[in-house]
Protein chains: 2
Amino acid sequence: MAGATRSRLGQDERRAQLLELGGRLFTIRAYDEVSIDDIAASAGVSKGLLYHYFPSKRELYVATLQLNAGKLVEDITPKPDTPRDQRLVAGINAFLDHVGENSVGYSSLMRGGIGNDAEVAKVVDETRDAIIAIIFEGFGGGDPPVGLRLAARGWIGFMEAAGVEWAEKREVPRETMVAMATQVLQAALVSSRPS
Amino acid sequence: MAGATRSRLGQDERRAQLLELGGRLFTIRAYDEVSIDDIAASAGVSKGLLYHYFPSKRELYVATLQLNAGKLVEDITPKPDTPRDQRLVAGINAFLDHVGENSVGYSSLMRGGIGNDAEVAKVVDETRDAIIAIIFEGFGGGDPPVGLRLAARGWIGFMEAAGVEWAEKREVPRETMVAMATQVLQAALVSSRPS
DNA sequence: CCGGTTTGTTGAACTAGAGTCAACTGGAGC
DNA sequence: GCTCCAGTTGACTCTAGTTCAACAAACCGG
């Protein structure tokens, strides 16, 4: 199905290929509508080989999530030469770009895949924590007090929801979306102080 | 396992019982860790009977989601005798209560269950739309312009994220959480106007 | 009471697909 | 050309979702 000649690949290449292919299938169809055989077939490879690289279908799925999550975090991490006061807006724009290019994959990531599954939840939570860390890094670093953390957590929820909706429909200009994002973050942070 | 004597039930009773039991199991374990046999056993009933009431495991799962979603929407719908200007706060409090009593079920609902599944996504989206409708109902009714809709959609994401976190950890007082919620909604709505 | 009918219920049989494993093979190095 | 090993296979097992023909508790007319 894939490349003409089915050749032997090195561990890393094959693993990467299967991850990539698996990730693609999981974004078009639901978890239990994608069979191991499908993935194997689309790679032109036997089912057994998949189990040589991943201990189970679930692990493979989690690995594809991790791949996506890693890309997201990388995308929104500010480049060191970005001035402090522009990092937030840059990050928001990077987030919108990422979601725009990858909206199905992103929502399947953030929607958490397989029902409430512990491992999946872990990936999602860690990703969110990483984003929170990036936000407060930009604001000066250090562990924020609980109120601020809660505000940041909520704001990420806001971005996940509004970002996906915006990227899919583009009903308002990008500046408006960015303005909403910054205003909401500010409101959340300010109002989280137990005055 | 359940009631002592296994008696015949009417269609509605049995269906309700299976829904209830299924819902409970799906909130403690992941979708594919709950088997049809588990559900049947916990109802003291044969596996075949489940298929008399629900066409497939998936449909049963979706039905439990719908049940939860319905309860949520019902909970946060303002009572007609609540004055207009108190409805938002009342709704937020109802939401926090609902999530607090039912946080696992709620997140498994909003996280979307089985990977990105069309039917599940439909339930989730409809629930969110219902909530948006309730919000704007409180603000005067009618279909909001797209910017406001986006703001509301984002705010629901905020509430889902912050609400679950708050309900689980209770690290800040309820008033603070409610204040954050109202401030964030206001900020979102205001900043959504393409000035 | 009793046969018939309706309707809830069962259990065995079927099947798809996840996971296992011993055997096979392309190709790099000698 | 031979050896050896990492990469690969395909046939097998087994769990769990799904189907279905038969069974039984309640209801009813006689």
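In what follows, chains carry the letters A, B, and so on, assigned in the order in which the sequence lines appear, proteins first and then strands, with residues in each chain numbered from 1. Predicted model, so just to flag it, every value in this text is computed and none were measured. Below, each value reflects all heavy atoms present in this structure, side chains not excepted, and no hydrogens, waters or symmetry copies.
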Restricting both atoms to N or O, compile the protein contacts to nucleotides 14-18 of chain D shorter than 3.5 Å, with distance only.
{"unit_1": "dG17(D)", "atom_1": "OP1", "unit_2": "Lys57(B)", "atom_2": "NZ", "d": "2.8"}
{"unit_1": "dG17(D)", "atom_1": "OP2", "unit_2": "Ile36(B)", "atom_2": "N", "d": "2.7"}
{"unit_1": "dG17(D)", "atom_1": "N7", "unit_2": "Lys47(B)", "atom_2": "NZ", "d": "3.3"}
{"unit_1": "dT18(D)", "atom_1": "OP2", "unit_2": "Tyr51(B)", "atom_2": "OH", "d": "2.7"}
{"unit_1": "dT18(D)", "atom_1": "OP2", "unit_2": "Lys57(B)", "atom_2": "N", "d": "2.8"}
{"unit_1": "dT18(D)", "atom_1": "O4", "unit_2": "Lys47(B)", "atom_2": "NZ", "d": "3.2"}

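Phosphate contact (OP1/OP2 of dT9(C), side-chain N/O of Tyr53(B), threshold under 4.0 Å): present. Distances shorter than 4.0 Å separate none of the side-chain N or O atoms of Arg14(A) from OP1 or OP2 on dA6(D). Side-chain N/O atoms of Gln11(A) include one lying less than 4.0 angstrom from OP1 or OP2 on dG7(D).
Between Tyr106(B) and Phe95(B), the ring planes lie perpendicular to each other; the angle is over 60°, past the 30° to 60° tilted range.
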_Using side chain to side chain contact (heavy atoms under 4.5 Å, CB included), reason through Asp32(B) and Arg58(A) one step at a time and then give a plain yes or no._
CA-CA 10 Å; Asp32(B) 62 352; Arg58(A) 188 97 148 246; 3.5 Å; yes
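Remark: C1' of dG7(D) and CG of Leu50(A) are 13 Å apart, rounded to the nearest angstrom. Atom CZ of Arg15(A) is separated from atom C1' of dG7(D) by 15 Å (rounded to the nearest Å). Whole-Å rounding puts the Glu13(A) CD to dT8(D) C1' distance at 15 Å.
Closest-nucleotide positions on DNA chain C for Gly48(B) and Leu49(A) were compared, and the one nearer the 5' end corresponds to Gly48(B).
Counting non-hydrogen atoms of neighbouring residues, nucleotides and ligands closer than 6.0 angstrom, the CG atom of Asp85(A) exceeds 12 such neighbours.
Considering all non-hydrogen atoms of both residues, Ala151(A) and Ser192(A) come closest at CB-CB, 3.9 Å. Arg153(A) and Ala161(B) make their closest contact through NH1-CB, 3.2 Å (heavy atoms, listed as atom of the first residue, atom of the second, distance).
Across all strands shown, Phe54(B) has no heavy atoms under 4.0 Å from either base or sugar-phosphate atoms.
Between the side chain of Thr82(A) and the main chain of Pro78(A), no donor-acceptor pair closer than 3.5 Å is present.
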